[in-house]
Amino acid sequence: MTTLDTARLAEGLREQTAGFARAVAGGDPDAQVPTCPEWRLRHLAGHIGHAHRWTAELVRQAAAAPIAAPAADDPGPQDTWERWLTDSAEEVIDAVQEAPADARVWSMAGPTPPRFWLRRMLGDTVIHHYDAAATTGSSFDVADDLAADVISEGMGLLAEPSAVQFKPELAELRGRGETIVIRPHSGQGWVITRTPDGIRCERGGGDGDVVVSGPVAELMLVFTRRMPARDVTGDRALLDHWLTHTAF
C-alpha cells in the first residue's frame, strides 16, 4: 500500500506530538486513561517520549537487533513534559533524515529503511494523542491523510507473516476468503481478506462480507478499538472477531 512521503510523515509527527504534549501537560498525571485503563496519564506521557527516544537511538545505531528499552516510563516533572515530548519527536525526525540513503535497521518486519520507524512513531502518537484527549477533555484532531496512513500502516503490520510471532492470536484471523471492507466517506478504502495463509489487506472498495463506513478519522479509531463502529452492514460477528483478535 502506498505511504506518505518522509516530509509529510515528519510534519505529521510534529503536529501530533505537539497536540499530545499539550493534552498531557494540562491533565492530572495520576488520572486513569479510559482507553488504556492499565495506565495513568504519566505512563502515557512516558511511553510516547521514551518510545520516540528509543526509536531515534535504534535508527542512529542502524541496529540489526532490538536495543535495550528504558527501565521505566517515567516522564519526569510534569512542567517539563511538553518540551521533553516535542524534543523527542525531533530526535526521531533528525535520526531518520540524517540516516544514509542505504541504511537498514531492525524492525518486527525484518531489516527496513529508517522511515519505517518514522511512520510507526506517527501511528503510535496519533492514537495516544486521542487517548490523552479522552483523559483530559482536550481537543483531538487529525488530518484525513494522516488518519488514512495510520490505518494502512496498522493493517500492513497485521498482514506481515512475522506478526504472528509477536501476537499469536493473529493466527485466529486466517480464514476462507472472508472480506472486511473499510469504506471512508471520501477517498479510497481498504479491503481485508482472511485467507488460509494469513491476512491480506489492499486499498480498494466494493462490497464485502461486512462493510464499515464513516469519516476516515472515525474508522481509524474503530480499527484501533477506541470507539465502536456506528455504520456496519453485513456480518457484524466477523467484524467483532477481527477487533477482538487485533487488540494490543
Side-chain angles (χ1 to χ4, degrees), residues 1-18 20-21 43-75 83-129 131 142 145-170 190 198-203 220 223-224 246 248:
M1 290 182 283
T2 58
T3 69
L4 302 176
D5 63 26
T6 300
R8 180 59 178 138
L9 292 172
E11 179 184 41
L13 183 61
R14 282 192 182 102
E15 68 182 47
Q16 288 296 311
T17 303
F20 173 85
H43 302 141
L44 191 64
H47 167 73
I48 287 294
H50 286 300
H52 285 180
R53 283 169 164 74
W54 178 89
T55 295
E57 187 59 25
L58 187 80
V59 171
R60 283 192 291 261
Q61 292 183 22
I67 62 174
D73 277 348
D74 182 12
R83 178 62 181 271
W84 180 72
L85 287 161
T86 55
D87 284 351
S88 76
E90 292 302 324
E91 287 201 34
V92 176
I93 293 165
D94 289 348
V96 170
Q97 291 180 339
E98 293 168 7
D102 61 350
R104 292 294 182 272
V105 64
W106 174 86
S107 79
M108 61 286 290
T112 186
R115 73 183 302 277
F116 168 94
W117 282 105
L118 179 59
R119 192 181 186 209
R120 178 79 291 274
M121 287 299 97
L122 173 61
D124 201 35
T125 303
V126 169
I127 298 307
H128 287 316
H129 179 192
D131 294 333
V142 60
D145 64 332
L146 299 182
D149 199 66
V150 172
I151 295 173
S152 290
E153 192 255 357
M155 294 300 170
L157 290 177
L158 292 172
E160 277 289 333
S162 60
V164 72
Q165 299 173 22
F166 298 91
K167 186 172 175 58
E169 304 97 297
L170 294 177
W190 297 260
I199 304 162
R200 186 173 72 243
C201 186
E202 303 166 304
R203 296 303 299 266
M220 176 194 75
F223 280 87
T224 53
T246 55
F248 282 86

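Residue numbers run from 1 in the order of the sequence given.
- When every heavy atom of L4 is checked against every heavy atom of L9, the shortest pair comes out as O-CD1, 3.8 Å.
- What you find for W54 and A69 is that their closest heavy atoms are CD1-CA, 3.8 Å.
- Side chain of S152 to main chain of D149: no donor-acceptor pair is present (N/O by atom type, distance under 3.5 Å, no hydrogens or angles).
- In this structure, I93 CD1 and M121 CE are separated by 12.5 Å, a value rounded to the nearest 0.5 Å.
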Donor-acceptor pairs under 3.5 Å, side chain of residues 94-111 to any protein atom, not counting sequence neighbours: which ones?
unit_1, atom_1, unit_2, atom_2, d
S107, OG, A109, N, 3.0
S107, OG, G110, N, 3.3
S107, OG, G110, O, 2.6

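- With values rounded to the nearest 0.5 angstrom, L85 atom CG is found 12.5 Å from E90 atom CD.
- Under the rule for a ring pair (Phe, Tyr, Trp, His ring centres under 6.0 Å), the partners of H47 that lie at least two apart in sequence or sit in another chain are W39, H128.
- For the atom pair CD1 (I67) and CD (Q61), the distance works out to 5.0 Å, reported to the nearest 0.5 Å.
- For W117 and H52, the ring centers are positioned 6.0 Å apart or more.
- Put simply, CG on D124 and CD on Q16 are 12.0 Å apart, with the number rounded to the nearest 0.5 Å.
- Summarising the geometry, atom CZ belonging to R119 is positioned 10.0 Å from atom OG1 belonging to T112; distances are rounded to the nearest 0.5 Å.
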Side chain to side chain contact (heavy atoms under 4.5 Å, CB included) between E91 and D87, intermediate numbers included: CA-CA 6 Å; E91 287 201 34; D87 284 351; 5.6 Å; no
Starting from the C-alpha separation in whole Å, work towards a yes-or-no answer on side chain to side chain contact (heavy atoms under 4.5 Å, CB included) for R120 and T55. CA-CA 9 Å; R120 178 79 291 274; T55 295; over 6 Å; no
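- Side-chain atoms of I199 and M155, non-hydrogen and from C-beta on, never get closer than 4.5 Å to each other.
- Closest approach of A45 and F20 over heavy atoms only: CA-CZ, 3.8 Å.
- To the nearest 0.5 Å, atoms CG (L146) and CG (L122) are separated by 5.5 Å.
- A donor-acceptor contact shorter than 3.5 Å is absent between the side chain of T17 and the backbone of R14.
- With S88 as the partner, the side-chain contact (heavy atoms from CB on, under 4.5 Å) test is satisfied by one option alone out of R53, R83, H50: R53.
- Residue P114 comes nearest to V59 through the heavy atom pair CB-CG1, 3.7 Å, listed as atom of the first residue, atom of the second, then distance.
- Electrostatic pairing of E15 and R8 counts as a salt bridge here, judged by a charged N lying under 4.0 Å from a carboxylate O.
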